[in-house]
Protein chains: 4
Amino acid sequence: MTASKPLRADARRNRARILAAAEEVFAERGPAASTQEVADRAGVAIGTIFRHFPTKRDLLAAIMKELRQRLIDKAEALLADGPPGTAFFDYFTFLVESSARVDTVAGLLADEGTAIQPGEQIAAFTQTFGTLLDAAREAGTVRPDVRLDEVMALVSAATQGALAGSWPDDLRRRTLALLLDALRPR
Amino acid sequence: MTASKPLRADARRNRARILAAAEEVFAERGPAASTQEVADRAGVAIGTIFRHFPTKRDLLAAIMKELRQRLIDKAEALLADGPPGTAFFDYFTFLVESSARVDTVAGLLADEGTAIQPGEQIAAFTQTFGTLLDAAREAGTVRPDVRLDEVMALVSAATQGALAGSWPDDLRRRTLALLLDALRPR
Amino acid sequence: MTASKPLRADARRNRARILAAAEEVFAERGPAASTQEVADRAGVAIGTIFRHFPTKRDLLAAIMKELRQRLIDKAEALLADGPPGTAFFDYFTFLVESSARVDTVAGLLADEGTAIQPGEQIAAFTQTFGTLLDAAREAGTVRPDVRLDEVMALVSAATQGALAGSWPDDLRRRTLALLLDALRPR
Amino acid sequence: MTASKPLRADARRNRARILAAAEEVFAERGPAASTQEVADRAGVAIGTIFRHFPTKRDLLAAIMKELRQRLIDKAEALLADGPPGTAFFDYFTFLVESSARVDTVAGLLADEGTAIQPGEQIAAFTQTFGTLLDAAREAGTVRPDVRLDEVMALVSAATQGALAGSWPDDLRRRTLALLLDALRPR
DNA sequence: CATGAATGAGAATTCATTCAT
DNA sequence: CATGAATGAATTCTCATTCAT
């Protein structure tokens, strides 16, 4: 869509370093972390950040977008390779585990206090996830009455919860199992 | 314990108004909302807030404490009156519904970037909730292998998720039902 | 002059306690110390302070006035009793030692960042000190060409210096000796 | 030592303007003067001040440091050029005259409620002053029993006194003469 | 394009002073 | 009169954003 002219090599490199640094910093310090800190971590001057992302909000949004893309990619990979029956559960687990590492994963469904435009990515995500769900339903590994929006809600809850307390691995595993069980046919 | 002399009538009134306003404001805007906004909403000068709560952090902590107390009270009420089999589920539902209104409910299990001393309240909460769970287990309405920490984790997830997107009531209801189902014996 | 109606017993008591507390607090913390701290130290409510001294400045001024009076009293005592030749030196020493204990002594000649009206007290002080000087001059223990304003200047310097570094007693004694020597005939 | 990368031209210019303005403002209003006033006087925004001096205390410290350096430079100049017999007296006089203009000169010996790290500068100052004193002693213009710490104490007293009342030039001159006389052999 | 200094609008917090209890 | 809560202006400091170098 917005083709936005091809960046110079160094510019592209900077953009990447900024995004990486920002993901780290915001994951550690929360969205209130200062842009200056991102700049330091990225090894660029603060002006460079604002050249690439006119607003702090834009920077946040860009991170989200990247994250979302990563999640979508994973879903599509599973869709292509994975066994229909378990791919759905694997994906759900993957999402929770991801959010256990990095903070912001849950923000892809909602915002996180900085309301980002989910845009069409959300649609793509939802659709792919839906396909995984359908496959599982057909394979009989998921209750037939479970709806996609409910699953999304559960994921959102689980991922936000997962990060919140940074619970012990063991607890997270057991709780997740319980959750997934809720989706299985009786 | 900490009796801290009885406040003057007007002071007590203001304290209450401040807490109420703060709960609203922080629920709407997140913990980064300005103290001035709380003051405006409460109809007091900003100095008054800092007289009652010397630090913004103290104000946050006070809100949490109040919330926790409210939750504990409700649990104890259910423990006294409710039918053992369903009281547990009612309480779980109550928690989720509460957090649909106010943000911070989940904060009682974790913090939320402002690390407040949960202190003994948490213990009280956990214990009471545990008793509800035991009762339900004995009544046979809950799977015998469900552990308290898992339940707490689910609550934490559900309440944080519930607020995040402020989903439609219908969706919240369905998702909650799914969640509760996961706890029921098969 | 301003007779200002006789205070009630408790009011007079409070006034004294406030002055005492204020002298302590301002000596310790400097004139930037908060009025609240004075109130706490005096064991009264802050409103009581402002009833007695409508302004912080007034409170400062009152302390100064008291101090000055104390110094004048001492001078007059020495004038009455002391041997003419040494009384002057004793008084000079007394002033420096006083200021070594409490801060604000030097403030009686100048202000101290809060410009207080020295009023007629200064005149009294200066006059009495002048009499001591004259006596010493007549007794031949002071250089005949030393003028009163020079002596006052030296006192001011010495007292402010004395407090500044809170030097060791020994050093203060030696330096003072040097200073007094400067006033003696050769 | 601490080379701290060379500032950009405009930054260096601003730093200098800030220091100059701060010296003025704090000399006039005391260390309680507001940073905003310094900014106004310097013609910069308040943020600029805090970029250069992260804390008000840092700003105060920087002023002190500059002042101290100026004093040291003068002493070394006198040490190089001046006639040994009078250089010491000239320097003493210079110190008092300096403090008649600016407040803070005495602050190099003590602090002034904002306790700044005098560090090695003090040592340098003391040593150079000591050399001047030794030279004068050898030249026979100073009493042989006068010690350096006494001289420093007198300087401290004189400079703080000098500023306090901003006495008339004439009085300051006479008092200073008296003081210096105290140091001369009889 | 990158740099990093300057800007200036908040934000938290303090404190003299007022005034209802 | 005393009390101590309320007021609100002032202060220090932070940070997103702009812009000269």
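Given the structure is predicted, the values throughout are model-derived calculations rather than measurements. The figures that follow rest on heavy atoms only: side chains count, while hydrogens, waters and symmetry mates do not. Below, read A as the first sequence line, B as the second, and so on, with proteins coming before strands; counting in each chain starts at 1.
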Looking only at non-hydrogen atoms, find the nearest pair between I18(B) and A42(B) and report the distance.
CA-CB, 4.0 Å
Heavy atoms only: give me the nearest L67(D)-E23(D) pair and the separation to one decimal.
CD2-OE2, 4.1 Å
By side chain to side chain donor-acceptor pair (under 3.5 Å) - contacts of R41(B) (at least two apart):
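In terms of side chain to side chain donor-acceptor pair (under 3.5 Å), with neighbours along the sequence ignored, R41(B) is linked to E24(B), E28(B).
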Checking R29(C) now: which residues fulfil side chain to side chain donor-acceptor pair (under 3.5 Å) with it, not counting sequence neighbours?
E37(C)
Between [atom2] on [N] and [atom1] on [X], what's the gap in Å once rounded to a whole number?
X: I18(C); N: dC1(F); atom1: CD1; atom2: C1'; result: 12 Å
X: R15(A); N: dA2(E); atom1: CZ; atom2: P; result: 12 Å
X: F53(B); N: dA11(E); atom1: CZ; atom2: C1'; result: 19 Å
X: R29(A); N: dC15(F); atom1: CZ; atom2: P; result: 11 Å
X: I49(D); N: dA5(E); atom1: CD1; atom2: C1'; result: 14 Å
X: D58(D); N: dT14(F); atom1: CG; atom2: P; result: 11 Å
X: D40(A); N: dT3(E); atom1: CG; atom2: C1'; result: 13 Å
X: E37(C); N: dG4(F); atom1: CD; atom2: P; result: 17 Å

How do G43(C) and Q36(A) order along DNA chain F: which one's closest nucleotide is nearer the 5' end?
G43(C)
Pairwise 5' ranking along DNA chain E for R51(A) and A33(B), keeping only the more 5' one:
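Residue closer to the 5' terminus by nearest nucleotide: R51(A).
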How far, in whole Å, is dT21(F) from dC1(E) if one measures between their C1' atoms?
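My reading of the C1' atoms in dC1(E) and dT21(F) gives 13 Å.
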So do the side chains of R68(B) and M64(B) get within less than 4.5 Å of each other, counting heavy atoms only?
yes
Does any part of the side chain of L19(D), heavy atoms only, come nearer than 4.5 Å to the side chain of F53(D), both counted from C-beta?
yes
May I ask you to say what [X] touches in the nucleic acid, namely base, sugar-phosphate or nothing, with a heavy-atom cut-off under 4.0 Å?
X: A32(D); value: nothing
X: T48(C); value: base
X: A42(D); value: nothing

On the nucleotide dA6(E), are OP1 or OP2 found under 4.0 Å from the side-chain N or O atoms that H52(D) carries?
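Answer is yes, contact under 4.0 Å.
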The criterion is salt bridge (charged side-chain N to carboxylate O under 4.0 Å, His left out); which residues satisfy it with D58(C), sequence neighbours excluded?
none
Would you indicate which nucleotide in [options] comes nearest to any side-chain atom of [X]?
X: A45(B); options: dT7(F), dC15(F), dC1(F); result: dT7(F)
X: V44(C); options: dC15(F), dA2(F), dT3(F); result: dT3(F)
X: N14(C); options: dG4(F), dA2(F), dT3(E); result: dA2(F)

SB check E66(A) R15(A) (cutoff 4.0 Å)
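Salt bridge: no.
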Could you list the residues that satisfy side chain to side chain contact (heavy atoms under 4.5 Å, CB included) with D40(C), not counting sequence neighbours?
Q36(C)
Any chance you could encode DNA chain F as dot-bracket? Rule is Watson-Crick or G-U wobble with both distances under 3.5 Å; [ ] for pairs crossing earlier ones, | for another strand.
.||||||||||||||||||||
Using a cutoff of under 3.5 Å, can you pull out all pairs of nitrogen or oxygen atoms linking the protein to nucleotides 17-21 of chain E, with atom names and distances?
unit_1	atom_1	unit_2	atom_2	d
dT17(E)	OP2	K56(C)	N	2.9

Any donor-acceptor pair under 3.5 Å from K56(B) side chain to S34(B) backbone
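No, K56(B) side chain to S34(B) backbone: no donor-acceptor pair under 3.5 Å.
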